[in-house]
Engineer: 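What follows is a structure written as structure tokens; I'll ask about it next.
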Amino acid sequence: MTDETGKTFELTDPASGRSAHLPVRSGSIGPGGLDIASLQKDLGVFTYDPGYGMTAPTDSRITYIDGDAGVLLYRGYPIEQLAEKSSFMEVAYLILIGELPTAKELAEFTGNIRYHTMINETLLRFFNGFHHNAHPMAMVSAVIASMSAFYHDTMDIHNPRHREIFSHRIIAKIPTIAAAAHKHSLGQPFVYPRNDLDYASNVLSMLFAVPCEPYKLDPVAAKALDLLFVLHADHEQNASTSTVRLAGSTGANPYAAISAGVSALWGPAHGGANEAVLSMLEQIGTVDNIPKFLTMAKDKSSHFRLMGFGHRVYKNFDPRAKIIREMCHRVLAALGRDDNPLLELALRLEEIALKDEYFVSRKLYPNVDFYSGVIYSAIGIPRSMFTVMFAIARTVGWVAHWQEMISDPGMRIGRPRQLYTGPTRRDYVDIKKR
Ligand code: CMC
């Protein structure tokens, strides 16, 4: 736990006159957090915070976001610098270990990941249990959960070496599982990982190679995918990471916890938004239709939201969206697809929405998912695989947060409270008398 700032808030119950002295805990940057641990003991109440918008259930040293300033730091390093100069494997090391690696450390880490890229052949057979049109997120989440049935020898969560082997295994194998899910959907044979390739190139090879002809890797596509992985690698206590922490806090095995994270990511309010954005853009179709869809997004009874817009924490801009928007132009030009109608439509939609009072007053800006789908589709990744790509990258963050939590001697089971609004106590009525 971080130090107290010396600042204390006093809360008094006017009825009983009882008071609670609540210290403010400080982080290394950003606003402090009111420590409410003594509230129930001192005042007999707990906090009420639907959606946890004001609740920090943990301290963390991994990622920092300043939502008003549009700042995102991994272990202190700005996302813009990492996006420009780093690679996904280097960022993975940084997020997991806390420091940028030396060349030797990076080579060793990359070697460890490569060593684990294959999955057990029996695990591969699981895919045959799925219908060809099963969503790949369903397959990925189920197969990751099944991994807990394979590695009994390294599942002691209190053994740091076991945790390290788990982290290498899951980061190495999730692309293999993801690609197997894709191949199953297509009815194509599974393509084994290639350990002579870098992480992103190997993903592309497993997704797109076929046994009957040589696969020509496109370095532009590999670089773009690597950058998308960097941008998605972690995002502090988002819904899926909090899910991994909550599941892991019970002592559940880490594969089960990561599988829970994949399931949480799938929702359209979270990682599923990248798939939903593309469906929405196709539904809008032309610039002329934009006003109609904006009206729908503003109408609370329509249940339609502008997908890829808005964020719980960013209230100015999402720095990742800014990087991806710039990247779209470069990547599409390099791939010879710069006349991309979906990008044109997305740009116009952003322009029109950002002049609209509804979006301006609510500080709703494009988020990371608004433009990522345009790049995924330009490099040939089908829409149903967009959220899976997100899951591959976010696995690094999930693992880092799980490790941080398990190695914290003060770890407690995650167990929120509730404000009960159901019936008060009443007596059982015999069925004949109801
Ligand atoms: N379209 C229309 N209205 C919106 C939108 C939107 N995309 N997002 C928020 N609002 C409105 C919302 O109706 C509310 O209006 P009012 O104050 O009149 O009731 C106000 O803005 C505040 O929204 P909120 O639902 O309280 O905000 P939240 O912090 O609970 O939700 C969000 C954040 C990301 C779930 C939400 O903005 C949303 O549903 N966006 C669309 C889905 C999306 O793009 N998700 C990806 C998030 S970023 C990547 C990731 O996390 O994986």
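These values consider heavy atoms only, across backbone and side chains, with no hydrogens, waters or symmetry-generated copies.
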Engineer: If you define the side chain from C-beta out and look only at heavy atoms, does anything of V244 sit under 4.5 Å from H401?
Structural biologist: no
Engineer: Would you call the rings of F370 and F309 parallel, tilted or perpendicular, where under 30° means parallel and over 60° means perpendicular?
Structural biologist: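 Perpendicular, since the angle between the ring planes exceeds 60°.
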Engineer: Which heavy-atom pair separates S38 from L22 by the least distance, and what is that distance?
Structural biologist: OG-CD2, 3.8 Å
Engineer: For this output row, return yes or no: ring centroids of F317 and Y365 closer than 6.0 angstrom.
Structural biologist: no
Engineer: Given T241 and E236, is the side-chain contact (heavy atoms from CB on, under 4.5 Å) satisfied, shown in steps?
Structural biologist: CA-CA 7 Å; T241 302; E236 50 119 306; over 6 Å; no
Engineer: Run through F150, Y255, Y151, W398 and flag the one making a ring pair (Phe, Tyr, Trp, His ring centres under 6.0 Å) with F166.
Structural biologist: Y255
Engineer: Sub-3.5 Å donor-acceptor pair from the side chain of K315 to the main-chain atoms of H311, do we have one?
Structural biologist: yes
Engineer: Strictly distance-based, threshold 3.5 Å: is any side-chain N or O of S185 a donor or acceptor partner for the main-chain N or O of A181?
Structural biologist: yes
Engineer: How long is the gap from CG on L349 to CG on L306, to the nearest 0.5 Å?
Structural biologist: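 With rounding to 0.5 Å, CG (L349) is 5.0 Å from CG (L306).
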Engineer: Would you please test R330 and E326 for salt bridge (Lys or Arg N to Asp or Glu O under 4.0 Å) and show each step?
Structural biologist: CA-CA 7 Å; R330 265 186 294 117; E326 282 160 21; 5.7 Å; no
Engineer: Quick check: does any side chain N or O of E84 sit under 3.5 Å from a backbone N or O of Q81, one acting as donor and the other as acceptor?
Structural biologist: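 Checking the backbone N and O of Q81 against the side chain of E84, no donor-acceptor pair under 3.5 Å is found.
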Engineer: Verify whether one side chain among H21 and D42 offers a donor that lies under 3.5 Å from an acceptor in the other.
Structural biologist: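 Checked: H21/D42 side chains show no N/O donor-acceptor pair below 3.5 Å.
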Engineer: Show me the pairs that pass ring-ring contact (aromatic ring centres under 6.0 Å, His included) and involve residues 267-295, at least two apart or across chains.
Structural biologist: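 Applying ring-ring contact (aromatic ring centres under 6.0 Å, His included) to every pair that reaches into residues 267-295, excluding sequence neighbours, yields F293-F304.
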Engineer: Checking S60 against E404: is there a side-chain donor and acceptor pair closer than 3.5 Å?
Structural biologist: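 Yes, side-chain donor-acceptor contact under 3.5 Å.
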Engineer: Give a yes or no answer on whether the side chain of H116 reaches the backbone of H168 with a donor-acceptor pair at less than 3.5 Å.
Structural biologist: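 No; judged by distance alone, with no hydrogens or angles, the pair does not exist.
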Engineer: What about the rings of Y314 and H235, do their centers lie closer together than 6.0 Å?
Structural biologist: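 Yes; H235 has its ring centre under 6.0 Å from that of Y314.
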Engineer: Do you see a donor-acceptor pair shorter than 3.5 Å between the side chains of D49 and T47?
Structural biologist: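 No pair is found: no donor N or O on one side chain lies under 3.5 Å from an acceptor on the other.
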Engineer: Taking only residues two or more places apart in sequence or in another chain, which ones pass side-chain hydrogen bond (donor to acceptor under 3.5 Å, both in side chains) with N195?
Structural biologist: T117
Engineer: Under 3.5 Å, is there a donor on one side chain and an acceptor on the other for E90 and S86?
Structural biologist: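 Present: a donor and an acceptor within the cut-off.
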Engineer: Taking the inter-plane angle between the rings of F109 and Y93 on a 0 to 90° scale, is it parallel (under 30°), tilted (30 to 60°) or perpendicular (over 60°)?
Structural biologist: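 Rings of F109 and Y93: perpendicular, as their planes differ by over 60°.
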Engineer: Determine yes or no for a side-chain-to-main-chain donor-acceptor pair under 3.5 angstrom, with S249 supplying the side chain and G414 the backbone.
Structural biologist: yes
Engineer: List the steps and the verdict of salt bridge (Lys or Arg N to Asp or Glu O under 4.0 Å) for K298 and E357.
Structural biologist: CA-CA 10 Å; K298 294 188 261 183; E357 196 278 330; over 6 Å; no
Engineer: Can any side-chain N or O of R312 pair as donor or acceptor with the backbone N or O of G51 at less than 3.5 Å?
Structural biologist: yes
Engineer: Might you point out which heavy atoms bring H131 and N133 nearest each other, and give the distance in Å?
Structural biologist: CD2-OD1, 2.8 Å
Engineer: Might you point out which heavy atoms bring R75 and I95 nearest each other, and give the distance in Å?
Structural biologist: NH2-O, 2.7 Å
Engineer: Testing the basics here: between A200 and D226, what is the closest heavy-atom pair and its distance to 0.1 Å?
Structural biologist: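 Nearest pair, atom of A200 first, then D226: CB-N, 3.8 Å.
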Engineer: Can you measure from CD1 (I392) to OG1 (T387) and round to the nearest 0.5 angstrom?
Structural biologist: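 Taking CD1 in I392 and OG1 in T387, the distance rounds to 11.5 Å.
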Engineer: Out of curiosity, M389 CE to I379 CD1, how far, rounded to the nearest 0.5 Å?
Structural biologist: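 If we round to the nearest 0.5 Å, M389:CE and I379:CD1 are 8.5 Å apart.
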Engineer: Decide yes or no on salt bridge (Lys or Arg N to Asp or Glu O under 4.0 Å) for E80 and K322, but give the supporting numbers first.
Structural biologist: CA-CA 10 Å; E80 293 80 3; K322 217 167 158 185; over 6 Å; no
Engineer: Between the main-chain N or O of I157 and the side-chain N or O of H162, is there a donor-acceptor pair closer than 3.5 Å?
Structural biologist: no
Engineer: Quick one: CD1 on I323 to CG on D318, what's the gap to the nearest 0.5 Å?
Structural biologist: 9.0 Å
Engineer: For R114, which residues count as a side-chain hydrogen bond (donor to acceptor under 3.5 Å, both in side chains) partner, sequence neighbours excluded?
Structural biologist: none
Engineer: Closest heavy-atom contact between H232 and L228?
Structural biologist: ND1-O, 2.8 Å
Engineer: Check the orientation of H135 and W266. Use parallel for under 30°, tilted for 30 to 60°, and perpendicular for over 60°.
Structural biologist: tilted
Engineer: Rounded to the nearest 0.5 Å, what separates atom OG1 in T110 from atom CZ in F88?
Structural biologist: 11.0 Å
Engineer: Between the side chain of S148 and the main-chain N/O of A256, is any donor-acceptor distance below 3.5 Å?
Structural biologist: no
Engineer: Within the distance-only criterion (no hydrogens, no angle test), does the side chain of S167 pair as donor or acceptor with the backbone N or O of E164 below 3.5 angstrom?
Structural biologist: yes
Engineer: Could you tell me which non-hydrogen atom of L343 sits nearest to which non-hydrogen atom of L332, and how far apart they are?
Structural biologist: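 Between these two residues, the closest heavy atoms are CD2-CD1, 3.3 Å.
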Engineer: Measure the spacing between CG of N202 and CD1 of I113 and express it to the nearest 0.5 Å.
Structural biologist: 12.0 Å
Engineer: Is the backbone of L197 close enough, under 3.5 Å, to the side chain of S201 for a donor and an acceptor to pair up by distance?
Structural biologist: no
Engineer: Taking the six-membered ring for Trp, are Y192 and F190 closer than 6.0 Å centroid to centroid?
Structural biologist: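 Judged by ring-centre distance (under 6.0 Å), Y192 and F190 do meet the cut-off.
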